[in-house]
There are 2 protein chains.
Amino acid sequence: MTNQREIILQELRKSGKHLTADGLYERVKKIMPRISLATVYRNLETLSDKGVIAKLEISGRQKRFDYDVSEHDHIYCVQCHKVDNVELDRELFGYSADISVQGYKITGYRLQLVGICPVCAKRNKEKEKS
Amino acid sequence: MTNQREIILQELRKSGKHLTADGLYERVKKIMPRISLATVYRNLETLSDKGVIAKLEISGRQKRFDYDVSEHDHIYCVQCHKVDNVELDRELFGYSADISVQGYKITGYRLQLVGICPVCAKRNKEKEKS
DNA sequence: CTTAGTGCAAACTGTTTGCAGAGGG
DNA sequence: CCCTCTGCAAACAGTTTGCACTAAG
C-alpha cells in the first residue's frame, strides 16, 4: 500500500461520489501535485481487483469507481451523468442467484434506475421560467 | 434512407445479435466493400435517434446496437461479452414509472442479468477436463 | 538488495468530425 | 440542382503500456 494508493483511496471515500478516473485525479493532484493519471488508473484497477472498491461500467463512456463495495444498485442521471447509490430490496423482483435463463448461468445482475437528479430537475425548472 | 443505411439496418437485423459498430462494419463490408466505418457509426447514431434501433451502453467499452426496440432487458456474458435479449416481467420487481427515489425523478431502468453464456460454459467444462 | 510501484510519453481503442466530392430527391 | 450523405483522414477521449527511475520492504 503505497502513499499514492492510500491517498487515491482516501480521496475516493472522502468524495462520497462515484468519481471517474480523472475526476479523482484532479482531486488527488491537489494533495500530490506530481502524481500521474496513469498511477490513478493503475491503482483504481488494483484496488478494484482486490475488492476494496468497485468498478462501475454503466452508461456513458467513462468508468466510475465506487467506494462502497457492498451489494447495491445505482441511479443514474441522464442529464449530468451523475451516479448515486440506491438501496433496493433485491428480493423484490424475484431474483435469486444460480438460476438459469436461456441457457445462461446467472451469477448476478446490475440494475440502474434512470432518471433526472434533483439538481438537474431544479435547473430545468428555472430554465423553463426564464 | 440511403443504400448504406438500408444495408446496415438489414445486416443488424439479419445478425440477430447485439453487434458492436465494427462487428457490423465487418459484415456490411462483405456486401459493400467501400463503406467506411464512419458511415456505420453515423447511421447507427441516426437510426437510434429515430428509434429504429436501440443503442446499448452496457458493461465493457464498446457500444452495442439492438435491432429490437421493444422494452426488454439484457443478459450479458462476463466471459465473451456477448449480449442477449431476455424477457423479464417488468412488474415483478415492483417497478413503476414516475416514482421518486432520493429526489430523483425516475423515468426507467436498465436491468442486465450477468452470467456465463452456454457457449462459454461448455468451453470451460471442456477445458477443465483436459 | 529486490521487486513492486511511479511518472512520463507514447501507443492504442473506440468514436467523432472536417472536408471535398458523390448521389439521391 | 440542392442538400444530405459518403469516404477518407485526421482529431479526439479515455485508457493502457514500455521504460527508466524511485522507493518500500
Side-chain angles (χ1 to χ4, degrees), chain A residues 1-12 15 17-66 76 78 80-83, chain B residues 1-12 15 17-66 74 76-78 80-83:
Chain A
M1 184 62 95
T2 64
N3 211 331
Q4 18 279 83
R5 179 122 81 219
E6 207 143 10
I7 291 187
I8 286 167
L9 178 56
Q10 180 187 309
E11 281 304 299
L12 177 60
S15 78
K17 293 194 221 162
H18 297 70
L19 294 175
T20 60
D22 65 56
L24 189 49
Y25 172 60
E26 291 306 322
R27 291 182 72 115
V28 170
K29 231 178 12 183
K30 285 181 189 154
I31 298 167
M32 214 176 213
R34 294 191 45 88
I35 199 171
S36 98
L37 181 55
T39 301
V40 174
Y41 272 105
R42 276 187 286 231
N43 279 315
L44 288 172
E45 200 57 37
T46 310
L47 288 168
S48 68
D49 283 351
K50 292 187 180 167
V52 180
I53 62 174
K55 197 194 312 184
L56 304 185
E57 299 184 340
I58 341 189
S59 355
R61 50 164 120 295
Q62 281 182 87
K63 286 176 190 159
R64 291 178 175 271
F65 295 85
D66 192 345
Y76 167 72
V78 284
C80 67
H81 309 286
K82 184 172 60 182
V83 175
Chain B
M1 184 63 93
T2 64
N3 211 331
Q4 17 279 83
R5 179 122 80 220
E6 207 143 9
I7 291 186
I8 286 166
L9 178 56
Q10 179 187 311
E11 281 303 299
L12 178 60
S15 78
K17 294 193 219 160
H18 297 70
L19 294 174
T20 60
D22 64 58
L24 190 49
Y25 173 59
E26 291 306 322
R27 291 181 72 115
V28 171
K29 231 177 13 183
K30 285 181 190 153
I31 299 168
M32 214 177 211
R34 294 191 46 86
I35 198 170
S36 98
L37 181 56
T39 301
V40 174
Y41 272 105
R42 275 187 287 231
N43 279 315
L44 287 172
E45 200 58 36
T46 310
L47 288 168
S48 68
D49 283 352
K50 292 187 181 167
V52 181
I53 62 174
K55 197 193 315 183
L56 305 184
E57 299 184 342
I58 342 190
S59 357
R61 49 166 119 294
Q62 282 183 87
K63 287 176 190 161
R64 291 179 175 272
F65 295 85
D66 192 345
H74 293 100
Y76 167 71
C77 177
V78 284
C80 68
H81 308 287
K82 185 172 58 180
V83 176

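Reminder, nothing fancy here: chain letters follow the sequence lines and each chain counts from 1.
Between Tyr41(B) and dT16(C) there is no side-chain polar atom (N or O) within less than 4.0 angstrom of OP1 or OP2. Taking 4.0 angstrom as the limit, Arg34(B) places a side-chain polar atom (N or O) nearer than this to OP1 or OP2 of dC8(D). When the side-chain nitrogen and oxygen atoms of Gln4(A) are compared with OP1 and OP2 of dA23(D), none of them lie within a distance under 4.0 Å. In terms of phosphate contacts, Asn3(A) brings no side-chain nitrogen or oxygen within less than 4.0 Å of OP1 or OP2 of dG5(C). For the OP1/OP2 pair of dT16(D) and a distance below 4.0 Å, the side-chain nitrogens and oxygens of Lys63(A) include at least one atom meeting the criterion.
Comparing Arg42(A) and Thr20(A) along DNA chain D, the residue whose closest nucleotide (by nearest heavy atom) sits nearer the 5' end is Thr20(A).
Side chain of Gln62(B), nearest nucleotide from dT6(D), dG7(C), dG14(C): dG14(C). Across dT17(C), dG7(C), dG7(D), the shortest atom-to-atom separation from the side chain of Ala38(B) is found for dT17(C). Across dG5(C), dT16(C), dG14(D), the shortest atom-to-atom separation from the side chain of Asp22(A) is found for dG14(D). Listed nucleotides: dT15(D), dC8(C), dT6(D). Nearest to the side chain of Thr2(B): dT6(D). Closest approach to the Ala21(B) side chain among dT17(D), dT17(C), dT15(C) is made by dT15(C) (side chain taken as heavy atoms from C-beta onward). Relative to the side chain of Glu45(A), the nucleotides dG7(C), dT16(D), dT15(C) differ in distance, and dT16(D) lies closest. Taking only side-chain atoms of Thr39(B), from C-beta outward, the nucleotide of dG5(C), dG7(D), dT15(D) with the closest atom is dG7(D).
Residue Met32(A) contributes atom CE, which lies 11 Å from atom P of dA23(D) at whole-angstrom precision. In this structure, NE2 of His81(B) is placed 14 Å from C1' of dT13(C), rounded to the nearest angstrom. If you take CG of Leu24(A) and P of dG14(D), they are 15 Å apart, rounded to a whole angstrom. Distance CG (Leu19(B)) to P (dT15(C)): 13 Å, rounded to an integer number of Å. Here dT6(D) presents its P atom at 12 Å from CD of Glu6(B), a figure rounded to the nearest Å. Summarising the geometry, the separation between CG on Leu47(B) and P on dC5(D) is reported as 11 Å, rounded to the nearest angstrom. Taking atom CG on Asn43(A) and atom P on dG5(C), their separation rounds to 8 Å, with Å as the unit. The CE atom of Met1(A) sits 17 Å away from the C1' atom of dA23(D) (whole-angstrom rounding).
When heavy atoms are screened at a 4.0 angstrom cut-off, Arg5(A) is found touching the sugar-phosphate backbone but no base atom. Using a 4.0 Å heavy-atom cutoff across all strands shown, Leu37(A) reaches at least one base atom of the nucleic acid.
Ring geometry for His18(B) against His74(B) counts as perpendicular: the plane angle is over 60°, on a 0 to 90° scale with 30° as the lower cut.
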Just do the side-chain contact (heavy atoms from CB on, under 4.5 Å) check on Arg5(A) and Leu9(A) with the steps written out, would you?
CA-CA 6 Å; Arg5(A) 179 122 81 219; Leu9(A) 178 56; 5.7 Å; no
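Of all non-hydrogen atoms in Ile35(A) and Ile8(A), the two that sit nearest each other are CD1-CD1, 4.2 Å.
For Lys82(A), the NZ atom sits in a packed shell: over 12 heavy atoms of surrounding residues, nucleotides or ligands are nearer than 6.0 Å.
You'll find the side chain of Val28(A) stays beyond 4.5 Å of the side chain of Gln4(A), heavy atoms only.
Applying the salt bridge (charged side-chain N to carboxylate O under 4.0 Å, His left out) test between Glu11(B) and each of Lys30(B), Lys29(B), Arg27(B) identifies Arg27(B) as the sole match.
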